[in-house]
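Okay, so here's the structure we're looking at.
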Amino acid sequence: MKIVDVIEKVNILKPNTIDDEMKFGWLYELDKKLFNEIWNNYLNEERDFEKYVMGQDENVELQVEEPYTEIYVYWLFSKIDYFQQEYDLYANDMIMYNSEYEEYSAWYLKNHEHKPTEIQVGW
């Protein structure tokens, strides 16, 4: 899913006053978080990406594959609701985000080879 598609979908489903440049930053934040928590632990992962920049990266494909791309929508929903102090909505958004995250990470774990763990011997 492209950055522009996620932002457009979020703006339709959850009208808000947050500018799209902030949403660009939040999408990069999520991809970097996923890299650090999931992708970096697996063999043959060559995901190296620059921070998304509004005005040039609207058509960049985000890193999570279908059918798990709703993780981006719920992530942006949660950010919007948090910063607009809609804490009940934020809590619901985080439940949905966490569910998507768990599904995606379980699928990823099942379908990718984990890097070997280095064991340190000695004192």
Side-chain angles (χ1 to χ4, degrees):
M1 181 176 260
K2 294 179 182 178
I3 292 173
V4 68
D5 298 331
V6 173
I7 291 175
E8 182 178 312
K9 184 174 186 175
V10 166
N11 288 340
I12 290 169
L13 295 175
K14 183 179 281 295
N16 62 86
T17 59
I18 306 293
D19 68 26
D20 290 348
E21 190 169 356
M22 181 67 70
K23 293 174 191 131
F24 266 65
W26 288 337
L27 290 170
Y28 172 77
E29 180 183 315
L30 177 54
D31 272 351
K32 198 65 171 176
K33 173 182 170 73
L34 293 168
F35 177 79
N36 290 334
E37 293 177 2
I38 299 174
W39 303 321
N40 195 37
N41 297 315
Y42 291 84
L43 295 173
N44 302 319
E45 273 305 330
E46 301 294 330
R47 296 176 195 241
D48 186 27
F49 45 92
E50 300 295 321
K51 186 169 185 176
Y52 306 137
V53 177
M54 185 150 172
Q56 67 187 41
D57 293 331
E58 287 85 357
N59 290 309
V60 166
E61 288 285 335
L62 291 161
Q63 301 289 312
V64 173
E65 307 88 358
E66 290 285 347
Y68 303 101
T69 55
E70 288 299 297
I71 193 172
Y72 294 111
V73 172
Y74 293 121
W75 176 255
L76 289 184
F77 281 3
S78 71
K79 290 294 202 175
I80 290 166
D81 286 335
Y82 180 81
F83 286 104
Q84 292 185 337
Q85 299 178 345
E86 296 285 349
Y87 298 120
D88 289 337
L89 294 174
Y90 167 75
N92 290 337
D93 299 333
M94 286 307 293
I95 289 168
M96 296 302 293
Y97 164 77
N98 287 329
S99 175
E100 289 291 322
Y101 183 97
E102 288 172 17
E103 282 184 40
Y104 177 72
S105 60
W107 170 82
Y108 202 89
L109 175 66
K110 181 179 176 186
N111 292 286
H112 294 82
E113 187 177 354
H114 204 278
K115 287 181 182 175
T117 304
E118 291 185 24
I119 299 174
Q120 301 228 349
V121 179
W123 301 98

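Just so it is clear, the values below take in all heavy atoms, side chains as well, and ignore hydrogens, waters and symmetry mates.
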Side-chain contact test, heavy atoms from C-beta onward, threshold under 4.5 Å: evaluate it for Tyr90 versus Phe77 and give yes or no.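 Contact flag for Tyr90/Phe77 side chains = no.
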Can you check whether Trp26 reaches Ile80 side chain to side chain, under 4.5 Å on heavy atoms?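 They are in side-chain contact.
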How are the rings of Tyr101 and Tyr97 set relative to one another: parallel (under 30°), tilted (30 to 60°) or perpendicular (over 60°)?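 The arrangement is tilted - the two ring planes meet at 30° to 60°.
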To the closest 0.5 Å, what do you measure between [atom1] ([X]) and [atom2] ([Y])?
X: Asn98; Y: Trp75; atom1: CG; atom2: CH2; answer: 9.5 Å
X: Ile71; Y: Met1; atom1: CD1; atom2: CE; answer: 12.5 Å
X: Thr69; Y: Leu62; atom1: OG1; atom2: CG; answer: 9.0 Å
X: Tyr104; Y: Ser99; atom1: OH; atom2: OG; answer: 15.0 Å
X: Ile38; Y: Trp107; atom1: CD1; atom2: CH2; answer: 10.5 Å

Cation-pi check for Phe35 against Lys32: NZ or CZ below 6.0 Å from the six-membered ring centre and within 45 degrees of the axis, yes or no?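 Flagged: Lys32 positioned over aromatic ring of Phe35.
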Transitively linked via ILVMFWY side-chain contacts under 4.5 Å: [X] with [Y]?
X: Leu89; Y: Tyr74; answer: no
X: Met96; Y: Met94; answer: yes
X: Phe83; Y: Val6; answer: yes

How about Asn111: does its CG atom have over 12 heavy atoms from other parts shown lying under 6.0 Å from it?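 Yes, CG of Asn111 has more than 12 neighbouring heavy atoms, counting only those of other groups under 6.0 Å.
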Heavy atoms of other groups near Tyr82 OH, more than 12 under 6.0 Å: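 Open: at most 12 neighbouring heavy atoms sit under 6.0 Å from OH of Tyr82.
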Sequence neighbours excluded and cut-off under 3.5 Å, please list the side-chain donor-acceptor pairs for residues 10-24, or say none.
from  : atom 1 : to    : atom 2 : distance (Å)
Asn11 : OD1    : Asn16 : ND2    : 3.2
Asn11 : OD1    : Lys23 : NZ     : 2.7
Asn11 : ND2    : Ile7  : O      : 3.4
Asn11 : ND2    : Asp20 : OD1    : 3.2
Lys14 : NZ     : Asp81 : OD1    : 3.3
Lys14 : NZ     : Asp81 : OD2    : 2.9
Asn16 : OD1    : Ile18 : N      : 3.0
Asn16 : OD1    : Lys23 : NZ     : 2.9
Asn16 : ND2    : Lys14 : O      : 2.8
Thr17 : OG1    : Gln84 : NE2    : 3.2
Asp19 : OD1    : Glu21 : N      : 3.4
Asp19 : OD1    : Met22 : N      : 2.8
Asp20 : OD1    : Lys23 : NZ     : 3.3
Lys23 : NZ     : Ile18 : O      : 2.8

List the atom of Gln63, the atom of Trp39, and the distance in Å for their closest heavy-atom pair.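 In this case the closest contact between Gln63 and Trp39 is CB-CH2, 3.0 Å.
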Under 3.5 Å, is there a donor-acceptor pair between the side chain of Glu58 and the main chain of Gly55?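 Checking the backbone N and O of Gly55 against the side chain of Glu58, a donor-acceptor pair under 3.5 Å is found.
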Side-chain ion pair, Glu8 and Lys2, N-O less than 4.0 Å: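 Judged by the 4.0 Å cut-off on N to carboxylate O distance, Glu8 and Lys2 do not form a salt bridge.
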